[in-house]
Chemist: 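Quick one: the structure is below, questions incoming.
If you read the sequence from its start, that first residue is 1, and numbering goes on from there.
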Amino acid sequence: MFENMTMYQALKEACLDYPKGTAIYYEGNRISFSKFLYLIDKCSDALYNQLGVRSGDVVILSQPNIPNVLILFYALNKIGAICNMIHPFTPFDQLYDIYHNTNCKFAFVFEQRVAKEIDKFKKTSMNIYVTRIEDYLPIYKKVIYHLFMNGKIRHKLARSNGFIGFKYMYKMRNPGRNVPENNNYLKASVYLHSGSTTGDPKTICHNDAAFNFIASHALEFLSCSKEDIMGRGMLSILPSFHGFGLCIGMHSPLVNRFANVLIPKFSIKKVTSAMKHFDVAVLTGVPTMYQSLVESEQFKSLKQLKNLYVAFSGGDSLSPALQSEFDAIMEQKDSKCRLFEGYGLTEVIAVNTVNTFKNNKPNSVGRPCSNVSIKICGDGGNQLKTNEIGEIYISSGSMMLNYFDDNKLTRSTISKGWLKTGDIGYLDKDNYIYITGRCKNVIIFAWIH
């Protein structure tokens, strides 16, 4: 469905096809697909014509889940620049090292992060632009936040001179030149940071084709049709610097024409408020979030629970007790939601095997999705038989290009189209995969259908 496209092109197609639909719901503010495309194109104009960003340039995005990160992400992708996704509260020294080690040209950093170490940021040679949590808030919330919650931060930045706000780029004089649109969906476009299959910190390089591969399988993962989900929303709590959050939580819903419901920081109040005011069909989060939800009377009393269609729990394994408790709450609300687990890792962006409502087995992490192959190999790389335990290998259209600046590790991880995960498990006779051991940082997620 998104073959031979960049991520910007896939998003643009959705915007033109569904212009009046809501692309982003943020704290009560609705941004339509047509307005979202306008903001992206205007941003890419400023990036290209004012800042001089060009195809192949590396730009840090160190952001919470606010509209700015998605506008910047697609604007940079349109140009062909590389988005280096960093945790929004990365300490200055670490951010500085990443900036220089990955040859970055600019960094868009959350203003609360800059304010925490303002003296260091003032002295840096990095080209810094700041984004603000209230940039796209409704007017009344923007005023409240600015006056009562962010006044000290704004004052501190104002006194420093030199930190330009993201939205001020739009006010720069525009020479009116067109922005050349990148068409190369096979070159590196996103840097993600992970422990790698060895457990050591690594920068993982992905292209647009890998992200679009996952996005093209979204409806398969969700076990629904396009019509079931259009006009509804995914509650995006998993962060944009995480492959699962960026690809499944943000890119996939948008190109499939349903909304991102953005929450910068998880709270029961924020979740329940969003669900009351927008038709949330999909939840994304981590097990600790779901634990908080099942313990909350405010959440459990929501009438809108019966409308939930599917949800994700990522970042850690999900306990059977939590699964059962969530299922029981859904049953009480006449919801069909049920909990399923799957498996993926940053080197293949996100989910590659999954249990679904129709096809699932207890204790497994599901079967490979279409066009993904799994095999189990012994120490010598020989393929093992059914139910024999060994290392899990994945062959997928979402496979990384390489580890940044580490050809040796790349060659030892990818061979003949197969990625060695470093995880231990086995396949049963029905091709369900079971994890028996992990020797690195992986993404384990769950589905609630």
Chemist: Is a side-chain N or O of Lys105 found less than 3.5 angstrom from the main chain of Gly52, in a donor-acceptor match?
Modeler: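 Looks like yes, one N/O pair under 3.5 Å.
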
Chemist: Answer whether the closest heavy-atom distance between the side chains of Lys226 and Arg257 falls below 4.5 Å.
Modeler: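 Counting from C-beta outward, Lys226 and Arg257 do come under 4.5 Å.
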
Chemist: If you apply the rule side chain to side chain contact (heavy atoms under 4.5 Å, CB included), what do you find for Leu16 with Leu37, and how did you get there?
Modeler: CA-CA 9 Å; Leu16 296 176; Leu37 182 61; 4.1 Å; yes

Chemist: Could you walk me through whether Ile98 and Tyr191 pass side chain to side chain contact (heavy atoms under 4.5 Å, CB included), step by step?
Modeler: CA-CA 11 Å; Ile98 293 172; Tyr191 290 167; over 6 Å; no

Chemist: Checking Thr421 side chain against Tyr393 main chain: does a donor-acceptor pair fall under 3.5 Å?
Modeler: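 Here the side-chain-to-backbone pair does not exist.
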
Chemist: At what distance, to the nearest 0.5 angstrom, does NZ of Lys78 lie from CD of Glu181?
Modeler: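 Going from NZ on Lys78 over to CD on Glu181, the span is 6.0 Å.
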
Chemist: With a 6.0 Å cut-off (strictly less than), is the heavy-atom count around CG of Asp379, excluding the residue itself, greater than 12?
Modeler: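 It does not: Asp379 CG has 12 such atoms or fewer within range.
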
Chemist: With a 3.5 Å distance limit and no angle check, can you tell me whether Asn182 reaches the backbone of Pro180 through a side-chain donor-acceptor pair?
Modeler: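 No, the answer is negative, given that no donor and acceptor are paired below the 3.5 Å cut-off.
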
Chemist: Looking at Glu3, I want to see if its CD is surrounded by more than 12 non-hydrogen atoms of other residues, nucleotides or ligands under 6.0 Å.
Modeler: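 Counting other residues, nucleotides and ligands, CD of Glu3 stays at 12 neighbours or fewer.
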
Chemist: Do other residues, nucleotides or ligands put more than 12 heavy atoms under 6.0 Å from Lys270 NZ?
Modeler: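 Count not over threshold, so no.
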
Chemist: Could you check whether any side-chain heavy atom of Val310 comes within less than 4.5 Å of a side-chain heavy atom of Ser223, counting everything from C-beta outward?
Modeler: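 They are not in contact (no side-chain heavy atoms under 4.5 Å apart), so the answer is no.
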
Chemist: Which heavy atom in Asn363 sits nearest to a heavy atom in Tyr434, and how many Å separate them?
Modeler: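 Nearest heavy atoms, Asn363 then Tyr434: O-CD2, 3.6 Å.
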
Chemist: Roughly how far, to the nearest 0.5 Å, is CD1 of Ile71 from OH of Tyr136?
Modeler: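 It is 3.5 Å, given to the nearest 0.5 Å.
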
Chemist: Would you say that more than 12 heavy atoms from the other residues, nucleotides or ligands in this model lie under 6.0 Å from the NZ of Lys300, or not?
Modeler: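 Count over threshold, so yes.
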
Chemist: Salt bridge check: are Asp41 and Lys12 linked by an N-O gap of less than 4.0 Å?
Modeler: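 Salt bridge: no.
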
Chemist: Of the non-hydrogen atoms in Ser398 and Val348, which two are nearest, and what is the gap between them?
Modeler: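 Closest pair (atom of Ser398, atom of Val348, distance): OG-O, 2.9 Å.
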
Chemist: Is there side-chain contact between Tyr26 and Ile31, with heavy atoms separated by less than 4.5 Å?
Modeler: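 Tyr26 vs Ile31: side chains apart.
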
Chemist: Determine, stepwise, if the pair Asn77 / Gln9 fulfils side chain to side chain donor-acceptor pair (under 3.5 Å).
Modeler: CA-CA 9 Å; Asn77 187 261; Gln9 289 167 344; over 6 Å; no

Chemist: Quick one: does any side-chain atom of Ser395 pair with a main-chain N or O of Gly417 as donor and acceptor, under 3.5 Å?
Modeler: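 Such a contact is found between Ser395 side chain and Gly417 backbone.
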
Chemist: I'd like to check the side chain to side chain donor-acceptor pair (under 3.5 Å) partners of Glu388; sequence neighbours left out, ordered by chain and number.
Modeler: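 Checked Glu388 against side chain to side chain donor-acceptor pair (under 3.5 Å); zero matches.
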
Chemist: Measure the spacing between CE of Met250 and CG of Leu70 and express it to the nearest 0.5 Å.
Modeler: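 Here the interatomic distance stands at 5.5 Å.
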
Chemist: Are the side chain of Glu117 and the backbone of Pro91 linked by a donor-acceptor contact shorter than 3.5 Å?
Modeler: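 Judged by distance alone, no pair lies under 3.5 Å.
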
Chemist: Does any part of the side chain of Cys224, heavy atoms only, come nearer than 4.5 Å to the side chain of Tyr309, both counted from C-beta?
Modeler: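 Side chain of Tyr309 against side chain of Cys224, heavy atoms only: contact under 4.5 Å found.
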
Chemist: Is the shortest distance from a Lys or Arg side-chain nitrogen in Asp279 or Arg232 to a carboxylate oxygen in the other one below 4.0 Å?
Modeler: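 Looking at Arg232 together with Asp279, the answer is yes, because their closest N to O distance falls below 4.0 Å.
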
Chemist: Please lay out, stage by stage, how Phe92 and Met126 fare under the test side chain to side chain contact (heavy atoms under 4.5 Å, CB included).
Modeler: CA-CA 11 Å; Phe92 172 85; Met126 295 188 290; 3.6 Å; yes

Chemist: If you define the side chain from C-beta out and look only at heavy atoms, does anything of Phe241 sit under 4.5 Å from His193?
Modeler: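 No - every pair of side-chain heavy atoms lies 4.5 Å or more apart.
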
Chemist: I'd like to check the side chain to side chain donor-acceptor pair (under 3.5 Å) partners of Asp228; sequence neighbours left out, ordered by chain and number.
Modeler: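 Scan of Asp228 (side chain to side chain donor-acceptor pair (under 3.5 Å), adjacent residues dropped) gives Ser225.
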
Chemist: Show the nearest heavy-atom pair for residues Met85 and Ser240, with the distance to one decimal.
Modeler: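 So the minimum-distance heavy-atom pair works out to CE-O, 3.6 Å.
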
Chemist: What's the verdict on side chain to side chain contact (heavy atoms under 4.5 Å, CB included) for Leu345 and Leu419, showing C-alpha distance, side-chain angles and the deciding distance?
Modeler: CA-CA 11 Å; Leu345 58 156; Leu419 184 139; 4.1 Å; yes

Chemist: Ignoring hydrogens, what is the shortest heavy-atom contact between Ala218 and Asn256? Give both atom names and the distance.
Modeler: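 Closest heavy-atom pair between Ala218 and Asn256: CB-ND2, 3.6 Å.
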
Chemist: Dump the intermediate steps for side chain to side chain donor-acceptor pair (under 3.5 Å) on Glu347 and Thr413, then the final yes or no.
Modeler: CA-CA 10 Å; Glu347 283 81 354; Thr413 303; over 6 Å; no

Chemist: Any idea how Tyr290 and Phe326 line up, ring-wise: parallel (<30°), tilted (30 to 60°), or perpendicular (>60°)?
Modeler: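 If you compare the ring of Tyr290 with that of Phe326, the planes turn out perpendicular.
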
Chemist: Considering the options Asp428, Thr356, Asn359, which one meets the side-chain hydrogen bond (donor to acceptor under 3.5 Å, both in side chains) requirement together with Arg367?
Modeler: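 Among Asp428, Thr356, Asn359, the one meeting side-chain hydrogen bond (donor to acceptor under 3.5 Å, both in side chains) with Arg367 is Asn359.
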
Chemist: Could you point out which residue of Phe258, Tyr74, Tyr18 forms a ring-ring contact (aromatic ring centres under 6.0 Å, His included) with Phe33?
Modeler: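 Of the listed residues Phe258, Tyr74, Tyr18, the ring-ring contact (aromatic ring centres under 6.0 Å, His included) partner of Phe33 is Tyr18.
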
Chemist: When rounded to the nearest 0.5 angstrom, what distance separates CD in Gln304 from CZ in Phe299?
Modeler: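 The CZ atom of Phe299 is 10.5 Å from CD of Gln304, to the nearest 0.5 Å.
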
Chemist: Which atom pair, heavy atoms only, marks the closest approach of Asn355 to Asn360?
Modeler: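 Of all heavy-atom pairs spanning Asn355 and Asn360, the closest is OD1-CA, 3.0 Å.
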
Chemist: Do the side chain of Glu220 and the main chain of Ser370 share a donor and acceptor less than 3.5 angstrom apart?
Modeler: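 Pair found, side chain donor or acceptor close to backbone of Ser370.
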
Chemist: Is any side-chain heavy atom of Val255 less than 4.5 Å from a side-chain heavy atom of Glu13?
Modeler: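 Not in contact.
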
Chemist: Short question: side chain of Ser296, backbone of Ser292 - any donor-acceptor pair under 3.5 Å?
Modeler: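 Between the backbone of Ser292 and the side chain of Ser296 there is no qualifying donor-acceptor contact (under 3.5 Å).
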
Chemist: Ring centroid separation for Phe221 and Phe312, is it under 6.0 angstrom?
Modeler: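 No: the rings miss the under 6.0 Å criterion.
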
Chemist: Would you compute the distance between atom OH of Tyr8 and atom OG of Ser189 and round it to the nearest 0.5 angstrom?
Modeler: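 Reported to 0.5 Å precision, the distance equals 15.5 Å.
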
Chemist: Quick check: do Ile392 and Tyr343 have side-chain heavy atoms less than 4.5 Å from each other?
Modeler: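 SC-SC contact between Ile392 and Tyr343 confirmed.
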
Chemist: Counting only N and O atoms by type, is there a donor-acceptor contact under 3.5 Å from the side chain of Glu341 to the main-chain atoms of Val365?
Modeler: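 No; judged by distance alone, with no hydrogens or angles, the pair does not exist.
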
Chemist: Can you check whether Tyr432's main-chain N or O pairs, donor with acceptor, with Asp430's side chain at less than 3.5 Å?
Modeler: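 No: the side chain of Asp430 does not pair with the backbone of Tyr432.
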
Chemist: For the residue pair Ile389 and Ile376, what are the closest heavy atoms and their distance?
Modeler: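 It is C-CG2, 4.1 Å.
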
Chemist: Under 4.5 Å between any side-chain heavy atoms of His251 and Ile214, yes or no?
Modeler: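 Result no, sub-4.5 Å side-chain heavy-atom pair not found.
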
Chemist: With no hydrogens and no angle check, is any side-chain donor or acceptor of Asp57 less than 3.5 Å from a backbone partner on Ala81?
Modeler: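 Side chain of Asp57 to backbone of Ala81, a donor-acceptor pair under 3.5 Å: no, none is there.
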
Chemist: Does Lys306 NZ have over 12 foreign heavy atoms under 6.0 Å away?
Modeler: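 Not buried by this count: 12 neighbours or fewer within 6.0 Å.
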
Chemist: Out of curiosity, Ile248 CD1 to His217 NE2, how far, rounded to the nearest 0.5 Å?
Modeler: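 Reported to 0.5 Å precision, the distance equals 10.5 Å.
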
